Amino acid sequence: MLTSSPLSRLSEVESWSSSKDLRSGALASNHRTSFSSSISDSDHPRGQGVEPAYSFVGMHCIFDQCKSAVTVLKFGHMSSDLLAYGASDGTLTVCNVSDPPTVINQLKGHSKDVTDFDFSSNNQYIASSSADKTVRVWELSKGLCIRVIYGVSPQLCIRFHPVNNNFLSVGNANKEITVFNFSTGRVIAKSIFDSEVTSMDHDHTGHLIFCGDAQGCIYSVTMDSHTGALSRSHRYRSSSKQKFPITTVQYRSFSLLAGGPVLLTCTKDGSLSFFSVALEVEGYLTLRCSLKLTPRIHSIRASFCPLLSLNKGEYIVAGSEDSNVYFYDLTRPKHTCVNKLQGHRFPVLVVAWNHGENFLASADLYGVVIVWKRAKTSYKGNI
């Protein structure tokens, strides 16, 4: 079942009013100086209001036909209305969020949790990984699984190569990244790591893979776009004594704050970290700032927010155990939370922006997906 513009649920939304500005938070005096801060999820926007660029008019639609936890949620590449989400019951649901919102297909085949999936660059295919030790390739126009690749351990994260979609990279619980030929399903290359590979993302050129493991380490891996060959380049090890799995690794090709490419990571202990990426040094990472939230019971993922002007910080959106969606400015040691959305009844596990950045989707532990409509604004900082 799905609901479009549900007036009965809108009364539950408490998107902090955008009619007033935040009291000035303390920005880092030098944008190239790293710092960290620690807040709880219950912190709410301080001062008099929210960051106007992240105010919402309410819910656009709700998808609630899934009865188990949504584990991964994504919009299609360069798409404003194609949305898919995987769940712990092994299903993948493909939707269209344009009016009227519709469920296009529910893809069934995995016998355990869908741990990750990725759209091909033309959105014709989805490749999914699962705790059932398989990778499945789906043809969306037919709603059919056209290939199953069997592994020996749970398959935990997956990405199409951004330039050569014939390469499919998969991280698994056997401490490996395996590169498959999309057309044949055959293994092209393999690289061994120190722990389970729990999350990954490509850079925009496809030359680098960034991956996180179950011990909180982040790796930069070079990949040959012609042969698929992998080579480990750098490892960033957390200074924390306790080690927690990396739940999110997300690359962005440019940040005004860093003056170049950046990487966002989220760890199960509630740590958000923001890195500068040196592409000329094979993806060497420099920690710019970090934020410590409440430790997580569940694997909660975070996402970059749309780009803003230089003096507006670096914005992150994340779900929370307390059922809210929070927006943080990582450059503010104080007053870090700049907005929150209320509407879910259970822990929010995943969030995703569409290509037009006018919709934000969030999904929770009981399978409810809410698509939020961002308020139109005359603010000129968006680019």
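Everything quoted here is computed from the prediction, not taken from an experiment.
Of all the heavy atoms in Tyr284 and Ser220, the pair that sits closest is N-OG, 4.5 Å. Between Thr331 and Asp329, the closest heavy-atom pair is OG1-OD1, 2.8 Å. Of all non-hydrogen atoms in Ile192 and Glu176, the two that sit nearest each other are CD1-CG, 3.6 Å. Taking all atoms of both residues into account, the shortest heavy-atom contact from Tyr251 to Pro261 is OH-CB, 3.3 Å. Minimum interatomic distance between Ile158 and Ser129 (heavy atoms only, all atoms of both residues): CG2-OG, 4.0 Å. Considering all non-hydrogen atoms of both residues, Asn123 and Ser79 come closest at ND2-CB, 4.0 Å.
Taking OG of Ser169 as the start and CD1 of Ile188 as the end, the distance is 8.5 Å to the nearest 0.5 Å. For the atom pair CG (Leu264) and CZ (Arg288), the distance works out to 14.0 Å, reported to the nearest 0.5 Å. Atoms CD and SG, on Glu314 and Cys305 in that order, are 9.0 Å from each other to the nearest 0.5 Å. To the nearest 0.5 angstrom, Cys145 atom SG is 11.5 Å from Ile126 atom CD1. Interatomic distance, Thr286 OG1 to Phe274 CZ, rounded to the nearest 0.5 Å: 11.5 Å. Annotation: the span from Leu107 atom CG to Thr93 atom OG1 amounts to 7.5 Å, rounded to 0.5 Å.
In this structure, Lys74 forms a cation-pi arrangement with Phe117, its terminal cationic atom sitting closer than 6.0 Å to the ring centre and no more than 45° off the ring axis. For the pair Arg252 and Phe304, the cation-pi test (distance below 6.0 Å, angle within 45°) is passed.
Using cut-offs of 30° and 60° for the angle between ring planes, the Phe63 and Tyr85 rings count as tilted.
Residues Val179 and Val187 have side chains not in contact (no heavy-atom distance under 4.5 Å, counting atoms from C-beta outward). Counting heavy atoms from C-beta on, the side chains of Thr222 and His207 come closer than 4.5 Å. Side-chain atoms of Leu349 and Arg301, non-hydrogen and from C-beta on, never get closer than 4.5 Å to each other. Inter-residue side-chain proximity for Lys112 and Ser130 is flagged as met; some heavy-atom pair is nearer than 4.5 Å. No side-chain heavy atom of Leu208 sits under 4.5 Å from any side-chain heavy atom of Val221. Looking at Met200 and Val249, their side chains never come closer than 4.5 Å, going by heavy atoms from C-beta outward. Within the 4.5 Å cutoff, side-chain heavy atoms of Ile218 are placed close to those of Leu263. When side chains are defined from C-beta on, Thr198 does not count as touching Thr247, because their heavy atoms never get closer than 4.5 Å.
Checking side-chain atoms of Lys292 against main-chain N and O of Asp269 turns up a donor-acceptor pair under 3.5 Å. The backbone N or O of Arg186 sits less than 3.5 Å from a side-chain atom of Thr184, completing a donor-acceptor pair. A donor-acceptor contact shorter than 3.5 Å links the side chain of His234 to the backbone of Val281. Not one N or O on the side chain of Ser303 forms a donor-acceptor pair closer than 3.5 Å with the backbone of Ala352.
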His110 and Thr91: side-chain hydrogen bond (donor to acceptor under 3.5 Å, both in side chains), yes or no, with the steps?
CA-CA 7 Å; His110 287 298; Thr91 61; over 6 Å; no

Derivation and outcome, ring pair (Phe, Tyr, Trp, His ring centres under 6.0 Å), residues His60 and Phe359
CA-CA 8 Å; His60 173 67; Phe359 289 132; 4.4 Å; yes

Test salt bridge (charged side-chain N to carboxylate O under 4.0 Å, His left out) on Lys175 and Asp213; report intermediate values, then the result.
CA-CA 8 Å; Lys175 306 179 182 180; Asp213 73 10; over 6 Å; no

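Phe160 pairs in a ring-ring contact (aromatic ring centres under 6.0 Å, His included) with only one of the listed residues (Phe119, Phe182, Phe167), which is Phe182.
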